[in-house]
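Read through the structure below, which is laid out as structure tokens, and then see the notes.
Note that the coordinates shown come from a computational prediction; the quantities given were computed from them, not determined experimentally. Note that the numbering runs from 1 along the sequence shown for the chain. All values below were derived from every heavy atom in this structure, side-chain atoms included, with hydrogens, water molecules and symmetry-related copies excluded.
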Amino acid sequence: MQSTAISFSPSISLPKKPHKPSGSASLCRFNPLSQPLRFGSLNGSTARKINPISCSADSSSSKLNRNGWISVPSPVPEHESDGVEVRATSVPESAGEAPKSKPMMETLVLGSLFGLWYLFNIYFNIYNKQVLKAFPYPVTVTLAQFAVGSVLVILMWTLNLYKRPKISGAQLVAILPLAAVHTLGNLFTNMSLGKVSVSFTHTIKAMEPFFSVVLSAMFLGEFPTLWVLSSLVPIVGGVGLASMTEASFNWAGFWSAMASNLTNQSRNVLSKKFMVRKEESLDNITLFSIITIMSFFLLVPYAFFTEGVKFTPAYLEAAGLNVNQLYTRSLIAALCFHAYQQVSYMILQRVSPVTHSVGNCVKRVVVIVTSVLFFRTPVSPINGLGTGIALGGVFLYSRVKRIKPKAKTE
């Protein structure tokens, strides 16, 4: 898989042209007493007069008060709109807490995004599995998901919720391979979900780091460290152990999930090459949006020639299916499919790739556990052990990825 960026800004914007006060008016004035103050010593032998304090538009912070010993800095010029008068006000005690509240707010936003990421994943896998069990046509189901995603992307661009990109023909040609492997990756995932349990599909997909290391070494010249290679051992071993004891195991579901790993990691490698090679690179969300639309058009002819038109109400009724229920579940699955990928890129804009990888590992654990509980999938102790070892290896991989090899010194 492959974050719309959210920015928080004040709701009131002021024009850049500063307001010029008239020559006779002053910006602020502090004159609580009409008579000058006199301070005397304890015995009253000496006294000193202090004139009232005032500040005007032409006061300077570098000059002392003409008749006193207190210097008053001039107000900092601000961008104001015409007719707005700035007056001195008291500063609340909580003003100093702003720097602390900002990191707290960012943490809350990030935590909410992670929660939505996991929640959308859970709902997608549950509803998608229900649809595929009742309607075993993964190409048509995948096409419906791309169709809903394309409509959402077009709505975002039309309503200016996200900036519509300007794409050249050369860029579209470069993005085409990404769209092709993206289409295959999601298609193979749905094929696997239709054949085996959700938990087993995600256990096999835990081998994504293995394919990432191999493809990065082959096409990007990024060779793994010894720590990374060591972390792949429990991943491969855990997946093998879980596969041997999986109750729903069949080769079609297994190889579909493995093909999904290969195509998804190929997309990631191609994305790196594309983003580096292009001077005007696209952000991840824009790239994903374009790929979604292209994937829809790529899959339309294939779905028509392989599965035909089987999503019509007449066909579903003839097959004895509940049309409204199937349509509702398909729509929810498609919305969650697009939403969780959008949220994933929003998280990636805020955290490092290593942190995102750790979050993805935790997400897979959450999806496996919830799917086992919801569908009451039988899990043997050895099967659970293999799944746990594989996921532990994925977590270890995400941690050792940050270990950089020492530079060779001559």
Problem set entry | Flag if over 12 foreign heavy atoms under 6.0 Å of CD1, I382 | no
Exercise. After noting the C-alpha distance and the side-chain angles of L262 and M258, does the key distance pass the side chain to side chain contact (heavy atoms under 4.5 Å, CB included) rule?
Worked result: CA-CA 6 Å; L262 177 62; M258 294 292 282; over 6 Å; no
Exercise. If you measure from the Lys or Arg side-chain nitrogens to the Asp or Glu carboxylate oxygens, is any gap between K205 and E208 under 4.0 Å?
Worked result: yes
Exercise. So, the side chain of S212 versus the backbone of Q265: is there a donor-acceptor pair under 3.5 Å, distance only?
Worked result: no
For this session: Over all heavy atoms of both residues, which pair between Q342 and S289 is shortest? Give the atoms and the distance, please.
Result: NE2-OG, 3.9 Å
Problem set entry | Parallel, tilted or perpendicular: rings of F254 and F249 (30°, 60°) | tilted
For this session: Decide whether T183 and S295 meet the rule of one side-chain donor and one side-chain acceptor closer than 3.5 Å.
Result: yes
For this session: Any chance you could measure L232, atom CG, to L396, atom CG, to the nearest 0.5 Å?
Result: 9.5 Å
Problem set entry | G393 to P234 - nearest heavy-atom pair and separation | CA-CG, 3.7 Å
Exercise. With distance as the sole criterion, is a donor-acceptor pair present between the side chains of S371 and N125 under 3.5 Å?
Worked result: no
Exercise. Just checking, any donor-acceptor pair under 3.5 angstrom between side chains of S344 and H356?
Worked result: yes
Exercise. At their closest point, which heavy atom of T203 faces which heavy atom of V239, and how far apart are they?
Worked result: O-CG2, 3.4 Å
Exercise. Hey, is the main chain of V228 close enough, under 3.5 Å, to the side chain of S231 for a donor-acceptor pair?
Worked result: yes
Problem set entry | Centroid-centroid distance, F311 to F135, less than 6.0 Å | yes
Exercise. Can you tell me if S357 and K401 form a side-chain donor-acceptor pair at under 3.5 Å?
Worked result: no
Problem set entry | Side-chain donor or acceptor of T377 paired with backbone N/O of L373 under 3.5 Å | no
Exercise. Between the side chains of Y162 and D283, is a donor N or O closer than 3.5 angstrom to an acceptor N or O?
Worked result: yes
Exercise. Side chain to side chain contact (heavy atoms under 4.5 Å, CB included) between L152 and L335: does it pass, once the steps are laid out?
Worked result: CA-CA 9 Å; L152 291 177; L335 291 173; 3.8 Å; yes
Problem set entry | Expected output: side-chain R399 to main-chain F395 donor-acceptor under 3.5 Å | no
Problem set entry | T189-N186 side chain donor-acceptor pair, cut-off 3.5 Å | no
Exercise. For the side chain of Q171 and the backbone of S168, is there at least one donor-acceptor N/O pair under 3.5 Å apart?
Worked result: yes
For this session: Answer yes or no: is there a donor N or O on one side and an acceptor on the other, between the side chain of S192 and the main chain of G253, under 3.5 Å?
Result: yes
Seminar exercise, completed: From the list N128, T201, T140, side-chain hydrogen bond (donor to acceptor under 3.5 Å, both in side chains) with N190 holds only for N128
For this session: Check whether any side-chain N or O of K133 sits under 3.5 Å from a backbone N or O of G194 as a donor-acceptor pair, and report yes or no.
Result: no
Exercise. Under the 3.5 angstrom rule, does the side chain of Y118 hit a backbone N or O of G359 as a donor-acceptor pair?
Worked result: yes
For this session: Using a cut-off of 6.0 Å, state whether more than 12 heavy atoms not belonging to W157 lie near its atom CH2.
Result: yes
Exercise. Have S150 and T292 got a donor and an acceptor in their side chains that come within less than 3.5 Å?
Worked result: no
Exercise. Which class fits the ring pair H182 and F288: parallel under 30°, tilted 30 to 60°, perpendicular over 60°?
Worked result: perpendicular
Exercise. Does CZ belonging to F124 count more than 12 external heavy atoms closer than 6.0 Å?
Worked result: yes
Exercise. Does the side chain of S330 come under 3.5 Å of the side chain of Q145 through a donor N or O and an acceptor N or O?
Worked result: no
For this session: Please assess F188 against W255 for the test side chain to side chain contact (heavy atoms under 4.5 Å, CB included), listing each intermediate value before the final yes or no.
Result: CA-CA 9 Å; F188 284 133; W255 287 117; over 6 Å; no
Problem set entry | Between CG on residue L298 and CG on residue L143, distance to nearest 0.5 Å | 11.0 Å
Exercise. Does any N or O in the side chain of N383 come within less than 3.5 Å of the main-chain N or O of V379, such that one atom is a donor and the other an acceptor?
Worked result: no
For this session: List for me each residue that meets salt bridge (Lys or Arg N to Asp or Glu O under 4.0 Å) alongside K195, sequence neighbours excluded, and say none if there are none.
Result: none
Exercise. Taking all non-hydrogen atoms of both residues, which atom of A257 and which atom of I204 are closest, and how far apart?
Worked result: CB-CG2, 3.6 Å
Problem set entry | From CA spacing to verdict: side chain to side chain contact (heavy atoms under 4.5 Å, CB included), Y327, V323 | CA-CA 6 Å; Y327 280 174; V323 178; 3.6 Å; yes
Exercise. When you look at NZ of K163, are more than 12 heavy atoms from neighbouring residues, nucleotides or ligands closer to it than 6.0 Å?
Worked result: no
